Number of protein chains: 4
Amino acid sequence: MMPEPEAGKPLRADARRNRARVLEAAGAVFAARGVAASTEEVAREAGVGIGTVFRHFPTKEALLAAVLVDVLRALADQAEALATAPDAGGAFFGFFTRVVERSNTKNLYADVLAEAGVDVTAATAVIARRLRAALAVLLDRAQRAGEVRGDVRVPELLALMVGASRTAGYAANDPDVRVRALAILFDGLRAPGYPGAEGRSQ
Amino acid sequence: MMPEPEAGKPLRADARRNRARVLEAAGAVFAARGVAASTEEVAREAGVGIGTVFRHFPTKEALLAAVLVDVLRALADQAEALATAPDAGGAFFGFFTRVVERSNTKNLYADVLAEAGVDVTAATAVIARRLRAALAVLLDRAQRAGEVRGDVRVPELLALMVGASRTAGYAANDPDVRVRALAILFDGLRAPGYPGAEGRSQ
Amino acid sequence: MMPEPEAGKPLRADARRNRARVLEAAGAVFAARGVAASTEEVAREAGVGIGTVFRHFPTKEALLAAVLVDVLRALADQAEALATAPDAGGAFFGFFTRVVERSNTKNLYADVLAEAGVDVTAATAVIARRLRAALAVLLDRAQRAGEVRGDVRVPELLALMVGASRTAGYAANDPDVRVRALAILFDGLRAPGYPGAEGRSQ
Amino acid sequence: MMPEPEAGKPLRADARRNRARVLEAAGAVFAARGVAASTEEVAREAGVGIGTVFRHFPTKEALLAAVLVDVLRALADQAEALATAPDAGGAFFGFFTRVVERSNTKNLYADVLAEAGVDVTAATAVIARRLRAALAVLLDRAQRAGEVRGDVRVPELLALMVGASRTAGYAANDPDVRVRALAILFDGLRAPGYPGAEGRSQ
DNA sequence: GATGAATGAGCATTCATTCAT
DNA sequence: TATGAATGAATGCTCATTCAT
């Protein structure tokens, strides 16, 4: 659930525990205060010394990348879990909604997902690939079920998720607006295509 | 085209020129390097001393707000100019596209538009109101012309623009993906609503 | 009443007026806000541009020196005016009290008097000499009248005035303490000397 | 002799040493160059990085307050040590003299003692109280011994000490003047009161 | 002369990173 | 290994001083 960064040497039990605590604290702090939050604050939240943070993550950037990997992994896990759900459309839109909903007020998710595309490190590349693969499955099944138009591909789907997270963050304090905005986007994903909606599902 | 912020006392010619240069430089620097770029860098880009930047904008936040106002004003100008265009649908989607296209790699636009909703200062509030009003006109005309579904309101439109800018930024180096993602969103805006999409083309 | 700094070239009427306004403003501002107050603030208070301040006083230090000279001149004027007062003791202690009372909360007076001893510039030296001379007269008359012990000399008198100003500033918000502290010091000035106080009148 | 400010968690040995070095350097630098001296200079004098200064004293104001507390503590220590001296008068005037003598050229002491009355922070309040208490003992004993007039109270005594420090600073380069000025003040403290010197000691 | 915009050195403060304990 | 003190480059901002208008 929280393996060593690069499948490197096995950490001692307490070291592994500390690494996990730092990672969790970083996720919470960066989400709440933005990525400009200090490393010191992460250490405090994790209940460890600042030295420990830097022992596990040699730079702040590395820490951010690790948080990103963590987030992507959680998403990939969820996407994979939905791969065999009976309701393909529900699985697809449900996952999309979950991604968007978890993008919290400070838009870490959007930032973090945006970076994902850039493949900051090899580590992110690996997990991002896993996420894309899982997404491809969800998308394909929804398309075969006629719940999503056929011309959508994974790259634009990811781009739309990133943007929708931002949309949700923007409308954070007006849930109604948020719902309506998402509904419009989802209609676009369902629409048979415009103009000339010959559709592939009919 | 770049008047004093809030109709303060008229600046000397050289002062106005410098203010404009700083504002332009700030727009460029923050767009290129993000809002964390230093004020020094803005000064260097503008070719003025650091003191000059702070003379015109007493805090960095004020400078950011001024850039934001500038951006919003340009958008509002464009929206207003399109208010009487013969092709209401083209005006609406054209404006939307322009907004998105001008969101550059580092997503200043998104940040900046996001702030707009928060009405950081009185100055931003005023211009944001202007933008919303102009947007309302474009939207209404497109809806009357049957080019945009009738249940869309300005708030979600703004939220979608913010998100679409982010989407575009994410897909910055793949224009094809960008176009397809936007097409999907635009279809959602055109769709008569879902469920029950018997299609508007029949 | 406010002649040119160094008996230099005669200033134009408006220039002289501006110089006086700046000097007055500087006295007020430095007294109220301390000598760390900005030159800009002095200019604002005087209702002139910052350039005008620096035209008349080439550095901030020069401005402070000019304020000092102004203060010393006012004190010297008062001391000279008291030189022929019928009540020599009243004149002496009255003057001492006035000096102390005019030392306002921010202790500009103390600072300024302290500097006076250092003879910052030739100008201060000149006026400080005048003040010392006037003080010598007051002191001598009070001693001859038997109101002040005979072994007091001008240097220690000045030092005591500087200190008493500080004492008054310290006790600024407790007038009672201030009065009692001064009374003690005055008793010391009257006392025939200790030990061996065979009387001061011989 | 230089414990943590307010009984916080015990610092590591090296940290305590550095804190003391910074405090000492600050005392020296502020005394020599005035309180406007830069924190950089304090760091340089202490032989530590600027970050170290701010780690121990989060603001320059806090550093000044700490120097003040340090000074007050030293004074209080001395006053307490003199509380049982056989010669009550000698103890009183000796302490007064020491206070004045240690007020160095730039009058940090005066500034610092002046602040003491204002009770800048809780820390200063505590130590200032201690000093006042110790002073009260010295004063009372000297009064009982007939060495100091009976109507002197601690508040005016403090005020006079502050002023006398300034007097001494003013006369710094003329020890003779300094001695004579102090002698006059001390006579005032001994005098049975004026006018109407029925005295309480006769 | 008067004005105030421009300048840039200087300051307090923060924070990622290193290293002695 | 964990800790947290030390470091110093970098940042936002101020202000005395200069100079073009």
Side-chain angles (χ1 to χ4, degrees), chain A residues 11-12 14-15 18 36-44 47-63, chain B residues 9 11-19 22 36-43 46-63, chain C residues 11-16 18-19 22 36-44 47-63, chain D residues 9 11-19 22 36-43 46-63:
Chain A
L11 296 177
R12 268 169 30 183
D14 58 341
N18 268 346
S38 79
T39 318
E40 197 61 62
E41 200 163 354
V42 171
R44 207 174 316 129
V48 304
I50 181 71
T52 303
V53 174
F54 276 90
R55 164 166 292 273
H56 288 293
F57 308 96
T59 64
K60 185 179 182 179
E61 194 176 294
L63 177 57
Chain B
K9 53 225 71 161
L11 294 179
R12 260 163 41 181
D14 57 342
R16 195 204 311 273
R17 190 160 46 245
N18 267 345
R19 186 180 192 280
V22 169
S38 82
T39 318
E40 277 280 350
E41 200 162 354
V42 171
V48 302
I50 182 67
T52 301
V53 175
F54 279 92
R55 161 168 280 267
H56 288 292
F57 307 97
T59 63
K60 185 179 181 179
E61 193 177 293
L63 178 56
Chain C
L11 295 178
R12 266 169 31 184
D14 59 341
R16 192 201 316 269
N18 269 345
R19 186 178 191 281
V22 168
S38 79
T39 318
E40 200 53 69
E41 200 163 354
V42 171
R44 206 175 316 128
V48 303
I50 180 72
T52 302
V53 174
F54 276 89
R55 164 165 292 272
H56 288 293
F57 308 97
T59 64
K60 185 180 182 178
E61 193 175 295
L63 177 56
Chain D
K9 54 224 71 159
L11 294 178
R12 260 165 39 184
D14 57 342
R16 196 204 311 273
R17 190 160 45 247
N18 268 343
R19 185 180 192 280
V22 168
S38 82
T39 317
E40 277 280 350
E41 200 162 353
V42 171
V48 303
I50 181 67
T52 300
V53 175
F54 278 91
R55 161 168 279 268
H56 287 293
F57 308 97
T59 64
K60 184 181 180 178
E61 193 176 292
L63 178 56

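This is a predicted model, so every value here is computed, not measured. Each chain gets a letter, A, B and so on, in the order the sequences are listed, and its residues count up from 1. Atoms considered below: every heavy atom in the structure, side chains included; atoms not considered: hydrogens, waters and symmetry mates.
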| field | Distance below 4.0 Å between His56(A) side-chain N/O and dT1(F) OP1 or OP2 | value | no

| 5' precedence on DNA chain F between Thr59(C) and Glu40(D) (nearest-nucleotide basis) | Glu40(D)

| What are the two closest heavy atoms between Thr39(C) and Phe54(C), and how far apart are they? | CG2-CE1, 3.4 Å

| field | Base-pair map of DNA chain E as dot-bracket, where | denotes pairing with a different strand and pairs are Watson-Crick or G-U under 3.5 Å | value | .||||||||||||||||||||

| request: Could you state the atom-to-atom distance from CZ of Arg55(B) to C1' of dT17(F) in whole Å? | output: 13 Å

| request: Can you tell me the distance, in whole Å, between the NZ atom of Lys60(A) and the P atom of dT18(E)? | output: 15 Å

| Has Thr39(A) got a side-chain N or O lying under 4.0 Å from the OP1 or OP2 atom of dA16(E)? | yes

| Distance in Å, Arg44(C) CZ paired with Ile50(C) CD1, rounded so as to fall on 0.5 Å steps | 9.5 Å

| request: Taking only the side-chain nitrogens and oxygens of Ser38(D), find out if one of them lies under 4.0 Å from OP1 or OP2 of dG10(E). | output: no

| query | Does Gly51(A) or Val48(C) map to a spot on DNA chain E nearer the 5' end, using the closest nucleotide for each? | reply | Val48(C)

| request: Whole angstrom is fine here: how far is it from CD1 in Ile50(C) over to P in dT7(E)? | output: 17 Å

| remark: All heavy atoms of Leu63(C) vs all of Phe57(C), minimum pair found to be CD1-CD1, 3.6 Å

| Closer than 4.0 Å, any side-chain N/O of Thr52(B) to the OP1 or OP2 of dA5(E)? | no

| said: Judged by each residue's nearest nucleotide on DNA chain E, which is more toward the 5′ side, Phe54(A) or Gly49(B)? | reply: Gly49(B)

| said: Check the phosphate of dA6(F) against Asn18(D), side-chain N and O only, distance under 4.0 Å to OP1 or OP2. Yes or no? | reply: yes

| said: Output the rounded distance in Å from CD (Glu41(A)) to P (dT14(E)). | reply: 13 Å

| remark: Arg17(B) atom CZ is separated from dA6(E) atom C1', nearest whole Å, by 13 Å

| query | Can you tell me how far P of dT3(E) sits from CG of Asp14(B), to the nearest Å? | reply | 17 Å

| task | Would you mind reading off the distance between Phe57(D) atom CZ and dA6(F) atom P, rounded to a whole angstrom? | result | 11 Å

| remark: Of all heavy-atom pairs linking Ala37(D) and Glu41(D), the shortest is CB-OE1, 4.2 Å

| message | Please report the interatomic distance CZ(Arg16(D)) to NE2(His56(D)), rounded to the nearest 0.5 Å. | response | 11.0 Å

| query | How long is the line joining CG of Leu63(A) and C1' of dT17(E), in whole Å? | reply | 13 Å

| query | Where do Val53(B) and Ala43(B) come nearest, in terms of heavy atoms and distance? | reply | CG2-CB, 3.7 Å

